[in-house]
Structure formats: structure tokens, C-alpha cells
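Have a look at the structure below before the remarks.
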Protein chains: 2
Amino acid sequence: MEDSLSLKLAALADPTRRAIVARLARGEASVSELQKPFGISQPAISKHLKVLERAGLIEQGRVGQSRPRRLRVDALRATGAWFDQVADLWRDSFDRLDALLMETENDDVEHR
Amino acid sequence: MEDSLSLKLAALADPTRRAIVARLARGEASVSELQKPFGISQPAISKHLKVLERAGLIEQGRVGQSRPRRLRVDALRATGAWFDQVADLWRDSFDRLDALLMETENDDVEHR
DNA sequence: TAGATATATAACTTCTTAGTTATATGAAAG
DNA sequence: CTTTCATATAACTAAGAAGTTATATATCTA
């Protein structure tokens, strides 16, 4: 699994990481701030952050000894766009099927 | 990882499964039809389908010895909604920050 | 009923992941 | 400069995922 979309979706398939992303949607935060809500070790959080960063969903700043993370909303939106695309594809197919049925119906009428 | 959203995102983190979903967006298809585009074994496809079904993203029909799969678009849309929610959260925070800055600016003006 | 076709299941291998503890690095503050 | 605080990295373990081949099950067809 190498492609960018797979990386992002895999990153967001974990509830801890989704919670981190949701937290960062409210503004940037340090590693220790991000750790607080969860009952897991600091290295575990750092690992989660690395996964999110590798996926391009967050980025780091640096303020003294703190490395605040911030959300890359553009990347998040781009990921969500996949769902809309597929849903649109579905709607198009549905519309085409619908149109086809309509047409048949009209034929019936004209031949009546 | 037990929750429904995690299951769906994990299912879609795989490019083969996303391709299957995209194919099903165009209409239902049998296992053998779904297998064709990929260079992997039939059991591997059946496994992917099981993952998608367990996530609630597809469902089975039965026509003779064939078990056509179809997309559950509602479930797909619900999954995509998560991205919008977080993006909205971000926008709200942004707006609040913006309003705060505006307010400060006005104060400055009034005190000038 | 026998053989072919569509799909599922089992057993196994290899790789990845999420977590752990222990330790390193590097800036801040006394 | 030594201690403390924030974070990163390493080494390890346990569990899960994706693929394989071999085999089972069920329906259709001759």
C-alpha cells in the first residue's frame, strides 16, 4: 500500500488518530496536549503522529522545545472528495438506468 | 478496532477494495466479474468482499449459483460525512478566531 | 447422476501495526 | 553546567491483514 489516498485512509481508520485529527481541527496542539485524552504512552502518540504526518494530514511547527502539530485541512478535504466522486458515479449510473427505463416506457406509449 | 467508521475506513484503505467499490458504483456485479481486472486469486477477491461486507459497504444478492454484490451508497455517504464534519469544525474554529481578531481590532478603533 | 461452473472456507506464510519499556536528544531554567 | 521538561527513537511483542494453494459446497447442464 503505497499510494497517497490509501495512506490517508489507513491513517484515519484508527479511532485514536481520528480523535487527534478532530482535536487539531480546533487548533494546533503539542504532543503532550494531544496525549492527555488517551490512556496510552507518549511514544505511542508520537507514532500515531508520524503516521498522520507521513500521510500528509498534519504538519509540525517548532516553538522552543515543543513541536506543535497542525491539521492540513486541504489534504483532509481532498481525501473526503473520493467519497463524493464515487457517490456521483453511482448517481450517474442510476440516472442513466432511469433514463433508459423512461425511454422504453415512451416507446411503449408511442407504439400503443 | 471495532467501531463501524474504523471498519469502513480500513476497508477503503486498500486500493483493490476501492476499485471494487468504484466498479459497484456502476452497478452490481458477480465475484468473477469483479475478479477480472485484478491479477489476484479468486479467494483473495472473496476475502476483500467479506471485508467490505463486514464494514457494511456492500451486500449480496443471489441469482442461481451467482452471488452478485451491490454497493450500499448510503453507507458510503455516511462515511464521507466524517470528513465534512471535521472540515466544518475547522472552519468554525477559524471563524471564531477571525471574529476574535475582528473584535480586538474594533476595540482598538473605539479606544483610539 | 456426472461433470462443470461459481463461490466459499481452511490452513499456512509473510508483512504490518499498535502497543510496550528503556533510552537518547535537545531546549529551558535554575 | 546540571536538572528538568518535551519529544524522538530503538528494540521488542502480540495481533491482524493480504496473499497463496488446496479443498469443499452448491447449482446448473449434459
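Chain letters run A, B, ... following the sequence lines, proteins first, then strands; residues in each count from 1.
The two residues B:Phe38 and B:Ile45 make their nearest non-hydrogen contact at CD1-CD1, 3.9 Å. Scanning all heavy atoms of the two residues, the minimum distance from B:Leu76 to A:Phe83 falls at O-CD2, 3.5 Å.
With sequence neighbours left out, the side chain to side chain contact (heavy atoms under 4.5 Å, CB included) criterion links B:Ala75 to B:Lys8, B:Leu57, B:Arg72. When the side chain to side chain contact (heavy atoms under 4.5 Å, CB included) test is applied to B:Ala78, no partner is found at least two apart in sequence or on another chain. In terms of the side chain to side chain donor-acceptor pair (under 3.5 Å) criterion, residue partners of B:Arg17 (sequence neighbours excluded) are, by chain and number, B:His48. Evaluation of the ring-ring contact (aromatic ring centres under 6.0 Å, His included) rule for A:Trp90 yields A:Phe94 as partners, not counting sequence neighbours. With sequence neighbours excluded, the residues that form a side chain to side chain contact (heavy atoms under 4.5 Å, CB included) with A:Glu53 are A:Ile58, A:Gln60. In terms of the side chain to side chain donor-acceptor pair (under 3.5 Å) criterion, B:Gln85 has no residue partners (sequence neighbours excluded).
The nearest whole Å value for the distance from the CG atom in A:Leu7 to the P atom in C:dT16 is 13 Å. Atom pair B:Glu53:CD and C:dT7:C1' shows a separation of 13 Å (rounding to whole Å applied). Between the CD atom of A:Gln35 and the P atom of D:dT7 there is a distance of 9 Å, given to the nearest Å. The distance between atom CD1 of A:Ile45 and atom C1' of C:dG19, rounded to the nearest whole Å, is 11 Å. Rounded to whole angstrom, the span from the CG atom of A:Leu49 across to the C1' atom of C:dT17 amounts to 16 Å. The distance between atom CZ of A:Arg17 and atom C1' of C:dT16, rounded to the nearest whole Å, is 12 Å. Put simply, CG on B:Asp14 is 18 Å from P on D:dG16, counting in whole angstrom units. The CD atom of A:Glu28 sits 12 Å away from the P atom of D:dT7 (whole-angstrom rounding).
Of the side-chain N and O atoms in B:His48, one or more sit less than 4.0 angstrom from OP1 or OP2 of D:dG19. Using a 4.0 Å cut-off, no side-chain N or O of B:Ser46 falls inside it from OP1 or OP2 of C:dT9. Dashed line: the shortest gap from a side-chain N or O of A:Thr16 to OP1 or OP2 of C:dA18 is not under 4.0 Å. Between A:Ser66 and the phosphate of D:dT7, there is a side-chain N or O to OP1/OP2 separation shorter than 4.0 Å. Put simply, A:Lys50 has a side-chain N or O that comes within less than 4.0 Å of OP1 or OP2 on D:dT9.
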Only pairs under 3.5 Å count here: list side-chain donor-acceptor contacts from residues 18-30 of chain A, not counting sequence neighbours, and write none if there are none.
unit_1, atom_1, unit_2, atom_2, d
A:Arg18, NH1, A:Leu12, O, 2.8
A:Arg18, NH1, B:Ser6, OG, 3.2
A:Arg18, NH2, B:Asp3, OD2, 2.9
A:Arg18, NH2, B:Ser6, OG, 2.9
A:Arg23, NH1, A:Gly27, O, 2.9
A:Glu28, OE1, A:Arg70, NE, 3.2
A:Ser30, OG, A:Ser32, OG, 3.3
A:Ser30, OG, A:Glu33, N, 3.2

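The B:Arg69 side chain lies nearest to C:dT7 when the options are D:dA8, D:dA6, C:dT7.
For the helix from C:dT1-D:dA30 to C:dG30-D:dC1, the axis fitted to the five pairs at one end and the axis fitted to the five pairs at the other end meet at an angle of 10° (nearest 10 degrees).
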Going 5' to 3' through nucleotides 20-30 of chain D, assign each nucleotide B (protein heavy atom under 4.0 Å from a base atom), S (under 4.0 Å only from sugar-phosphate atoms) or - (no protein heavy atom that close).
BBB----BS--

